[in-house]
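Computed from heavy atoms alone, side chains included, the values below leave out hydrogens, waters and symmetry copies. Because the structure is predicted, anything quoted here is derived from the model rather than measured. Residue numbers count from 1 along this sequence.
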Amino acid sequence: TGRSPKRRRWSMAKRRRLTRRLVVEQAAALADAAADPAAVSLAALAAALEIRVPSLYNHIDGQADLLQALAVVGLEQLLADLRAAVDGRVGREALWAAAAAYRRFAHTHPGLYPLTLQAPAAGGEPGRLSAELVQLLRLILASVGIQGEAAIHAIRAFRALVHGFVSLEIAGGFDLPASREESFHLLLGTYLDGLLQTSVGR
């Protein structure tokens, strides 16, 4: 009965190689597969890693620590995607690229995406990454003359527009026979036209 000696040796070797990063990466895969970070219980994660739940505590400090680690992974990936998308671009073109990258991230990582939405407490890795995201958008907006408090309003509006569209899209809220791409372009284009017109009028 039980696993063969070869199978047991392989599992033991895998456990010895296990790191916090690998544990969190497996949790991220489970969250995205379920499209819900709440679906990643310690029991489900341990089963996926073929270890016992108590062994997880060698790498994480419980469910709250795991969710924070997943938020960090999500923010890191979102930041990397946005930076790659806007590289070499400024102004309207950069905002278009950032919006498209944000939308792709939400579809590609439906489990991690919700963990990137809440503003984290000041300090710590989530706070640092969130600040870098905001700064990236501030730099883009500065290229069209939008700075200070006006930039904060513009960033909030940008996030609200893209998040609202993506959330309805993921939930299956757009079933009418019309192109979602055209709808997204119309929505974002209208926002950018108004934003840039306001900037010119300042």
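Looking at I51, L49, N58 one by one, the single match for side chain to side chain contact (heavy atoms under 4.5 Å, CB included) with V23 turns out to be L49. Between T190 and the options L188, D193, L186, a side chain to side chain contact (heavy atoms under 4.5 Å, CB included) holds for only L186.
R159 contributes a side-chain N or O that, together with a main-chain N or O of L117, makes up a donor-acceptor pair within less than 3.5 Å. Counting only distance, with no hydrogens or angles, the side chain of Q68 and the backbone of E125 share no donor-acceptor pair below 3.5 Å. Put simply, the side chain of S130 never gets that close to the backbone of G127: no donor and acceptor are under 3.5 Å apart. At distances below 3.5 Å, at least one donor-acceptor pair connects side-chain atoms of D32 with backbone N or O atoms of L112. In this structure, D65 contributes its side chain and I60 its backbone to no donor-acceptor pair below 3.5 Å.
The side-chain heavy atoms of E169 and F184, taken from C-beta on, include no pair separated by under 4.5 Å. The shortest distance between side-chain heavy atoms of R92 and V144 does not fall below 4.5 Å. Here the side chains of R138 and V134 are in contact, with some heavy-atom distance below 4.5 Å. No side-chain heavy atom of L75 sits under 4.5 Å from any side-chain heavy atom of R128.
The two residues P37 and L67 have their closest heavy-atom pair at O-CD2, 4.1 Å. Minimum heavy-atom separation, A101 to L82: CB-CD1, 3.9 Å. Counting all heavy atoms, side chain and backbone alike, A27 lies closest to L66 at CB-CD1, 3.8 Å. Counting all heavy atoms, side chain and backbone alike, A44 lies closest to S41 at N-OG, 3.0 Å. When all heavy atoms of A154 and Y191 are compared, the pair lying nearest together is O-OH, 2.7 Å.
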Requested in this report: Evaluate side chain to side chain contact (heavy atoms under 4.5 Å, CB included) for R21 paired with H59, printing each intermediate quantity in order.
Outcome: CA-CA 9 Å; R21 187 71 186 188; H59 308 284; over 6 Å; no
Report task. Mind running side chain to side chain contact (heavy atoms under 4.5 Å, CB included) on V90 and I140 for me, showing each step along the way? Result -> CA-CA 6 Å; V90 295; I140 297 171; over 6 Å; no
Report task. For L95 and L141, run side chain to side chain contact (heavy atoms under 4.5 Å, CB included): C-alpha distance rounded to whole Å, both residues' side-chain angles, the deciding distance at 0.1 Å, then the answer. Result -> CA-CA 8 Å; L95 287 167; L141 290 167; 4.1 Å; yes
Requested in this report: Assess whether side chain to side chain contact (heavy atoms under 4.5 Å, CB included) is satisfied between V73 and E25, documenting all intermediate values.
Outcome: CA-CA 8 Å; V73 169; E25 286 177 355; 6.0 Å; no
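The closest side-chain donor-acceptor pair between Q77 and D81 falls under 3.5 angstrom.
Salt bridge E76/R83: absent, no basic N to carboxylate O contact under 4.0 Å. Taking a cutoff of 4.0 Å between a charged side-chain nitrogen and a carboxylate oxygen, R20 and D61 do not qualify as a salt bridge.
Geometrically, R103 does not engage F165 in a cation-pi contact, judged by NZ or CZ lying under 6.0 Å from the ring centre and within 45° of the ring axis.
Tracing side-chain contacts under 4.5 Å through hydrophobic residues (I, L, V, M, F, W, Y), one never reaches L139 starting from L129; they form parts of separate clusters. I152 and V162 are members of different hydrophobic clusters when ILVMFWY side chains are connected at heavy-atom separations under 4.5 Å.
Distance NE2/H185 to CD/E182: 9.0 Å, rounded to 0.5 Å. For the atom pair CD (E93) and CG (L192), the distance works out to 12.0 Å, reported to the nearest 0.5 Å. Note that CD of E132 is 12.0 Å distant from CG of L137, once rounded to the nearest 0.5 Å. Of the inter-residue distances, the one linking T116 atom OG1 with H163 atom NE2 reads 9.0 Å to the nearest 0.5 angstrom.
Annotation for Q135: atom CD counts as buried by contact number, over 12 foreign heavy atoms lying within 6.0 Å.
Aromatic pair H109/Y113: centroids not less than 6.0 angstrom apart.
Between Y102 and F158, the ring planes lie perpendicular to each other; the angle is over 60°, past the 30° to 60° tilted range.
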